[in-house]
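Some notes on the structure that comes next.
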Protein chains: 2
Amino acid sequence: MTTKVLPLLEPEAVAACCPPLSERPLTAEEAERTAVMFKALGDPVRLRLFSLVASHEGGEACVCDISDVGVSQPTVSHHLKKLREAGLLSSERRGTWVYYRVEPAVLAAMGQLLTRAAAV
Amino acid sequence: MTTKVLPLLEPEAVAACCPPLSERPLTAEEAERTAVMFKALGDPVRLRLFSLVASHEGGEACVCDISDVGVSQPTVSHHLKKLREAGLLSSERRGTWVYYRVEPAVLAAMGQLLTRAAAV
DNA sequence: ACCTTGGATCGACGTTCGTCAACATAGACA
DNA sequence: TGTCTATGTTGACGAACGTCGATCCAAGGT
């Protein structure tokens, strides 16, 4: 099996990516891109980290605010990177601390993929 | 590390499971349960299989209708089992063929987890 | 300059995952 | 009963994943 290099997912690329899951079958390429996002939320620790950022004021949080999820600091950093690579979070350094933000457009696109699939 | 036995997810259990991701941080248990569903959609082949079922007439399809995704028949069966265990699909044997159906309630719950998280 | 602190990266480890060939099982039909 | 076809199950293998300790880099404070 060949290992494909998946580029970072841009918000607008995701939004324009795919129709609701029930409209038509996803192509192999569409499925490949979309699966990256779902996989990123498919780990309990990442889901908690993401929820911590999303529920923080302004949809933004310093790593120091959210790193108490029961795993080591390198592991937290590793998971945040995965969420960033999937396009679900963006990060920015401001002075001493690094802040993570949710990408609302990507989130909304994933949501519509599912909710509009439910209305058959 | 202890391996937890995750029971099959009932549709109503999922719907009542978790608030939108931005409302409050998920607890460890909530994250554990929810991650199972996202992980199930976190594989390209499973995503295509799911989309094939969801887009088929009536939200229902025979295995024979959807097994052309480029992997062997045992692999298709394996992935369908994963989707069933995650509560996203249900299966029923009718005579010779086995039919898979989407679980709209679970799908809608996952969608709201995301879309309502986007409206911060 | 030096030290401290926040966060990312590296290297290694055990586990889980995706895949297949081989086999098993369940109906339908003769 | 027996045979054919449609699916599920098993066992094995390599790849990917989650985790950690050790290390490194960037910013601030002394």
Side-chain angles (χ1 to χ4, degrees), chain A residues 1-6 8 28 31-32 34-50 52-53 56 60-86 89-101, chain B residues 1-6 8 28 31-32 34-50 52-53 60-86 88-101:
Chain A
M1 159 176 291
T2 66
T3 301
K4 301 211 191 94
V5 177
L6 290 172
L8 296 196
E32 203 89 33
T34 310
V36 174
M37 301 186 294
F38 281 113
K39 188 187 293 186
L41 293 181
D43 177 83
V45 173
R46 280 199 293 270
L47 205 47
R48 288 188 73 192
L49 287 172
F50 185 85
L52 279 162
V53 173
H56 211 263
E60 167 177 292
C62 168
V63 176
C64 57
D65 293 325
I66 60 174
S67 48
D68 191 21
V69 288
V71 293
S72 69
Q73 176 269 320
T75 301
V76 169
S77 189
H78 166 72
H79 283 309
L80 287 173
K81 184 179 184 182
K82 280 290 192 70
L83 288 167
R84 215 177 348 117
E85 288 175 343
L89 293 181
S90 61
S91 68
E92 183 192 355
R93 169 161 231 135
R94 287 208 288 276
T96 305
W97 291 280
V98 177
Y99 291 82
Y100 279 80
R101 254 193 324 279
Chain B
M1 160 178 292
T2 66
T3 301
K4 302 217 189 87
V5 178
L6 290 172
L8 296 197
E32 203 89 34
T34 311
V36 173
M37 301 186 295
F38 282 111
K39 188 186 297 186
L41 293 181
D43 176 84
V45 174
R46 281 198 293 272
L47 206 47
R48 288 187 73 192
L49 287 171
F50 185 84
L52 279 162
V53 174
E60 168 178 293
C62 166
V63 176
C64 56
D65 293 326
I66 61 173
S67 47
D68 192 20
V69 289
V71 294
S72 69
Q73 175 269 320
T75 301
V76 169
S77 190
H78 166 73
H79 283 310
L80 287 173
K81 183 179 183 180
K82 282 287 192 71
L83 289 167
R84 216 179 345 118
E85 288 174 344
L88 298 173
L89 292 180
S90 61
S91 67
E92 183 192 356
R93 169 161 231 136
R94 287 208 289 276
T96 306
W97 290 281
V98 176
Y99 291 83
Y100 280 80
R101 251 193 325 279

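Each chain gets a letter, A, B and so on, in the order its sequence line appears, and its residues count up from 1. Computed from a predicted model, the values in this text were never measured in an experiment.
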_Which nucleotide wins on minimum distance to the side chain of A:Val98, given the candidates C:dC17, D:dT19, C:dG7?_
C:dG7

*Could you tell me the separation between the CZ atom of B:Arg93 and the C1' atom of D:dA6, rounded to a whole number of Å?*
7 Å

*Considering just the side-chain nitrogens and oxygens of B:Ser77, establish if one lies under 4.0 Å of OP1 or OP2 belonging to D:dG8.*
yes

_Quick check for you: to the nearest 0.5 Å, what is the distance between B:Leu83 atom CG and B:Ser91 atom OG?_
11.0 Å

*What is the distance, rounded to the nearest whole Å, between atom CH2 of A:Trp97 and atom P of C:dG6?*
8 Å

*Hey, which of these two, A:Thr75 or B:Cys62, hits DNA chain D nearer its 5' end, going by closest nucleotide?*
B:Cys62

_What is the separation between atom CD on B:Glu32 and atom P on C:dT16, rounded to the nearest whole Å?_
12 Å

*asked:* Looking at C:dG6, I'd like to know if its phosphate oxygens (OP1 or OP2) sit under 4.0 Å from a side-chain N or O belonging to A:Tyr99.
replied: no

*Using a heavy-atom cut-off of under 4.0 Å over every strand shown, decide if B:Val45 touches base, sugar-phosphate, or nothing.*
sugar-phosphate

*Between atom CG in B:Leu80 and atom P in D:dA6, what is the gap in whole Å?*
16 Å

_Atom-pair distance (CZ on A:Phe38; C1' on C:dC17), nearest Å_ = 19 Å

*If you measure from CD1 on B:Ile66 to OH on B:Tyr100, what distance do you get to the nearest 0.5 Å?*
8.0 Å

*What's the closest nucleotide to the B:Val63 side chain, out of D:dG8, C:dA8, C:dT19?*
D:dG8

*Enter the distance from B:Leu80:CG to B:Leu89:CG here, rounded to the nearest 0.5 Å.*
7.0 Å

*asked:* For a quick check of understanding: with a heavy-atom distance under 4.0 Å over all strands, which category does A:Arg94 fall into, base, sugar-phosphate or nothing?
replied: nothing

*What nucleotide, of D:dA6, D:dG28, D:dC20, holds the atom closest to the side chain of A:Pro74?*
D:dC20

*asked:* Looking at A:Tyr100, I'd like to know whether one of its side-chain N or O atoms comes within less than 4.0 Å of OP1 or OP2 on C:dA8.
replied: yes

*Taking only side-chain nitrogens and oxygens of A:Lys39, does any of them come within less than 4.0 Å of OP1 or OP2 of D:dA16?*
no

*Round to the nearest Å and state the distance from B:Arg84 atom CZ to D:dG8 atom P.*
7 Å

_Using the side-chain contact (heavy atoms from CB on, under 4.5 Å) definition, which of the options B:Val53, B:Val36, B:Leu41 pairs with B:Leu88?_
B:Leu41

_Under 4.0 angstrom between B:Lys81 side-chain N/O and D:dG8 OP1 or OP2_ = no

*Spell out, as yes or no, whether a donor-acceptor pair under 3.5 Å connects the side chain of B:Arg46 to the backbone of B:His79.*
no

*Round to a whole Å and report the spacing from CG of B:Leu83 to P of C:dC17.*
14 Å

*Between CE on residue A:Met37 and CG on residue B:Leu47, distance to nearest 0.5 Å*: 8.5 Å

*Rounded distance in Å - CZ (A:Arg48) to C1' (D:dG18)*: 16 Å

*Indicate, yes or no, whether a donor-acceptor pair under 3.5 Å links the base of D:dG8 to the side chain of B:Gln73.*
yes

_Quick check on D:dT7: is either OP1 or OP2 less than 4.0 Å from any side-chain nitrogen or oxygen of B:His78?_
no

